[in-house]
Amino acid sequence: MKATKKYQLSKLERDERRLGFLLLAPAALLLAAVVVYPIAELLTNSLYSFRLTRPGYRFIGLENFTFALFEDDRFLHSVLNTAILIGVTVPGALVVGLGLALLANQPFTVKWPVRLGLLLPWALPLVFAGLIFRWFFDYRQGFVNWLIELAGLTPPQWLSDPRLAFVALCVAIVWKSSSFMALILLAGLQTIPKSLYEAAEVDGASRFQQFVEITLPMLKPAIVVALIFRTITAIQTFDIPYAMTNGGPGTATETMAMYIHKTTIDFLDLGYGSALATLMFLISIAATSIYLRHTRRDTGRG
Amino acid sequence: MSKHRAPFAAAALALPLAFAALPADAQQTNLRIFVGGQQRPDVMRKILDLYESRTPGVRVAVEVGGATSDQQQQYLNTVLTSRDAAIDVMLIDVIRPAQFAAAGWAEPLDSYLGSERDAVMARYLPAYREANIVNGKVIALPYFADAQFLYFRTDLLEKYKLQPPKTWEELASAAQTILKGENNPNLRGFSTAGAPIEGTVCTFLVPMWGAGGQFLNAQGKPDVGTAAGKKALQLWTDLKASGVTPANLAEIVTDRIRVDFQSGNLLFAMQWGYAWNRFQNDADSVVKGKTNVVPLPGFAGNQPATCIGGWQIAVSAFSKNKAAAVNLLKFLSSPEVSKMQAILASHLPVFAEVYQDPEVLKVNPWFQFARNVVVTGRSRPVSPDYPEVSEIIRTNINAFLAGTRNADQAIADMNTRLARVYR
């Protein structure tokens with residue numbers, strides 16, 4: 001109290017401060033309505049037994065969480081599945097995306113065909129991509145098995161073999177997400193000054209050395225940003241597996257988001273579903289903070 | 001809506017209201033009915049046109065959504081959990097009334113039916129009367145019945161001088177004979193639903209019941225690890241090993257069976273009644289006049305079984321026009337509409353007398369025995385948590401058919417998880 005009394009705001013300053021709060025209020029209220037309220041509701045529900053098919057709304061503490069973490073094999077399995085998809089598709093999309101970005105960065109005289117090719121997969125809704133790839137990998141009518149039969153081999157059942165289903169899912173997800181990666185990386189590539197390459201050429205550096213010594217380090221901030229976005233969306237992977245395998249065979253390709261969807265929308269178990277969603281939320285926050293710590297240290301050094 | 005927003009809302013509404021007020025009939029009631037793509041929305045439209053012509057002042061819009069029972073239910077789950085009044089009347093699968101009653105989504109019809117209640121309900125086939133009464137309350141009224149039958153190709157069976165199979169063993173040997181003789185790489189012997197969808201629940205229950213098994217044991221708890229449960233799984237293993245079922249059975253959805261049969265690539269199919277009409281009338285059907293239907297096979301020495309299906313009509317508890325909606329319901333669940341559906345869509349009637357109607361029999365000669373199948377058909381487990389029960393069975397059967405889980409693992413997982421639901 002004493003500290004604040006020492007410095008009295010003038011009337012003008014107080015008016016300005018009030019105006020400032022007033023101007024911030026709509027944004028703050030909107031954020032509270034669409035972000036803070038749902039999260040608070042989610043956290044509350046996760047502590048209750050709340051199932052629409054049974055009467056009652058009963059406080060049960062952390063029971064939903066202990067069940068998920070220690071008893072529910074299916075949830076742990078869905079976390080593992082999501083981790084596999086992240087582990088394969090995030091680096092996969094980075095490599096393919098980097099290749100596409102380097103291609104699009106070439107001094108073509110006509111730039112639009114490459115850029116359009118980059119944008120199309122990104123513009124396509126996820127479910128469509130899933131449906132297209134489901135047809136692609138269909139056992140009897142699929143394009144992939146048609147090629148395999150042409151080559152005289154026995155066509156496999158892509159979507160009802162757990163390992164092959166993962167391969168098919170990863171191909172679809174990498175195809176769909178690498179263009180987004182490429183867009184971010186392309187923006188990064190275009191900020192690298194040409195003079196650096198000219199200087200390197202004068203010093204006799206090869207194209208590969210230029211790539212390793214100039215392009216990659218200069219591109220690092222863009223790569224980190226792209227990885228953050230891709231990892232967060234990968235944690236929430238839903239649409240493509242939903243359309244392609246619906247989690248099958250059995251629950252072999254079910255992701256966290258799909259299990260949460262099933263628990264809340266199909267089983268109407270809002271309490272347990274909220275607990276699962278809270279766990280997914282915590283995983284997302286953890287992944288983001290790891291990346292952010294990495295970038296902060298990086299900019300501090302630079 | 002909160003008070004301070006009222007002026008904005010009033011301004012926004014003023015214009016359309018001004019136009020709406022112009023026509024003379026201010027009494028116009030607008031209803032909205034939700035129908036799935038598989039329940040012939042085109043036929044529903046014809047029925048509603050008739051209703052509108054007889055009931056001045058009522059307009060009914062059809063909203064179509066969801067290619068499978070599960071997708072329809074997902075949509076309704078979202079609409080009804082948010083207490084949305086947009087939908088007044090909806091078709092619900094025969095397995096859902098218990099869930100709708102528990103969640104309070106369907107308006108109980110007892111008070112609307114009043115003293116007629118028992119007389120109205122007595123008209124229906126017993127299975128459908130019982131399916132729609134939950135804890136003594138009428139939750140919905142039957143729209144059409146359904147059951148799974150064995151469809152077969154009459155031309156191929158005649159060519160090899162074979163009789164329609166009565167047991168699974170006969171089916172397997174007939175299919176092997178014909179597949180061998182035809183030597184057509186596109187022809188498959190027998191198909192049923194195997195993907196993780198609702199129909200796959202019956203793929204397990206039908207042979208389990210057919211082997212004399214029950215879903216609930218004497219203590220009222222689920223147990224699928226019985227001899228009958230194991231026999232059911234063994235049946236699919238054997239049919240797959242002998243090449244009778246398609247190798248990708250685990251990817252097959254209900255309507256895919258219809259498409260395969262219709263394009264002449266399937267000899268036997270375990271399929272619902274709706275497919276008959278498509279086989280006879282669709283432009284791309286190559287099996288017109290070459291198809292017949294018999295009850296599903298059983299195991300030698302046991303009574304064959306079938307799953308009953310069918311669709312019910314319920315009034316949303318959040319509708320703003322409940323009285324008008326109930327009137328529509330009474331019409332849609334009448335013998336007259338049942339007959340229209342039978343003729344236009346080969347939907348199985350929920351009234352015994354409609355099965356004997358000469359006009360109906362002319363279009364659907366197989367209705368003569370279909371009634372007996374429907375009457376002896378079995379209901380899938382009744383539970384407010386049916387969606388979870390169904391999911392437990394279908395994901396395990398799907399994994400089993402795909403070969404990623406063996407019979408013991410599938411049965412153990414089903415029993416563990418079912419016990420949790422029935423706890």
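So that the names make sense, note that chain A is the first sequence line, chain B the second, and so on, each numbered from 1. Just so you know, these numbers come straight off a predicted model, no measurement behind them. All heavy atoms count here, side chains included; hydrogens, waters and symmetry mates do not.
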Legend entry - Spatial distance of atom CZ (Arg140(A)) from atom CZ (Arg188(B)) [nearest 0.5 Å]: 4.0 Å

Inset, instruction - With chain B as the partner chain, list the residues of residues 162-175 of chain A whose heavy atoms fall under 4.5 Å from it, by residue number, and write 'none' if nothing qualifies. - result: Pro162(A)

Legend entry - Pairing residues for Arg51(A) by the salt bridge (Lys or Arg N to Asp or Glu O under 4.0 Å) criterion, not counting sequence neighbours: Asp269(A), Asp385(B), Glu388(B)

Legend entry - Value rounded to 0.5 Å, distance of CG in Asp70(B) from CG in Asp266(A): 7.5 Å

Legend entry - Proximity breakdown for Ala247(B) and chain A, heavy-atom pairs closer than 4.5 Å: both

Legend entry - Proximity breakdown for Leu268(A) and chain B, heavy-atom pairs closer than 4.5 Å: side chain

Legend entry - CZ (Arg54(A)) with more than 12 external heavy atoms under 6.0 Å: yes

Legend entry - Nearest-0.5 Å distance that lies between atom CG in Asn77(B) and atom OG1 in Thr264(A): 9.5 Å

Inset, instruction - Examine whether an atom of Gln73(B) lies under 4.5 Å from a heavy atom of chain A, and if so say whether it belongs to the side chain, the backbone or both; otherwise answer neither. - result: neither

Inset, instruction - Mark yes or no for whether Glu251(B), through its side chain, and Asp138(A), through its backbone, hold a donor-acceptor pair below 3.5 Å. - result: no

Legend entry - Tyr386(B) OH to Thr53(A) OG1 distance, which is reported to the nearest 0.5 Å: 14.5 Å

Legend entry - Other residues, nucleotides, ligands: >12 heavy atoms within 6.0 Å of Phe238(A) CZ: yes

Inset, instruction - Using a heavy-atom cutoff of under 4.5 Å, enumerate the residues of residues 411-423 of chain B that contact chain A, numbered in order, or state 'none'. - result: Arg417(B), Arg420(B), Val421(B)

Legend entry - Shortest non-hydrogen contact from Gly250(A) toward Asn398(B): N-OD1, 2.5 Å

Inset, instruction - For each of Asn396(B), Ile397(B), Thr78(B), Asn186(B), tally heavy-atom pairs with chain A at distances under 4.5 Å, and name the one with the top tally. - result: Asn186(B)

Legend entry - Sorted by number, residues from residues 60-82 of chain A in contact with chain B (heavy atoms, under 4.5 Å): Phe67(A), Glu71(A), Arg74(A)

Inset, instruction - Check the surroundings of atom CG in Asn135(B): do more than 12 heavy atoms from other residues, nucleotides or ligands lie under 6.0 Å from it? - result: no

Legend entry - Selection from Arg405(B), Gln74(B), Gln99(B) maximising heavy-atom pairs under 4.5 Å formed with chain A: Gln74(B)

Inset, instruction - Please indicate whether Tyr37(A) has more than 12 foreign heavy atoms, meaning atoms of other residues, nucleotides or ligands, lying under 6.0 Å from its OH. - result: no

Legend entry - Nearest-0.5 Å distance that lies between atom CG in Leu249(B) and atom OH in Tyr139(A): 11.5 Å

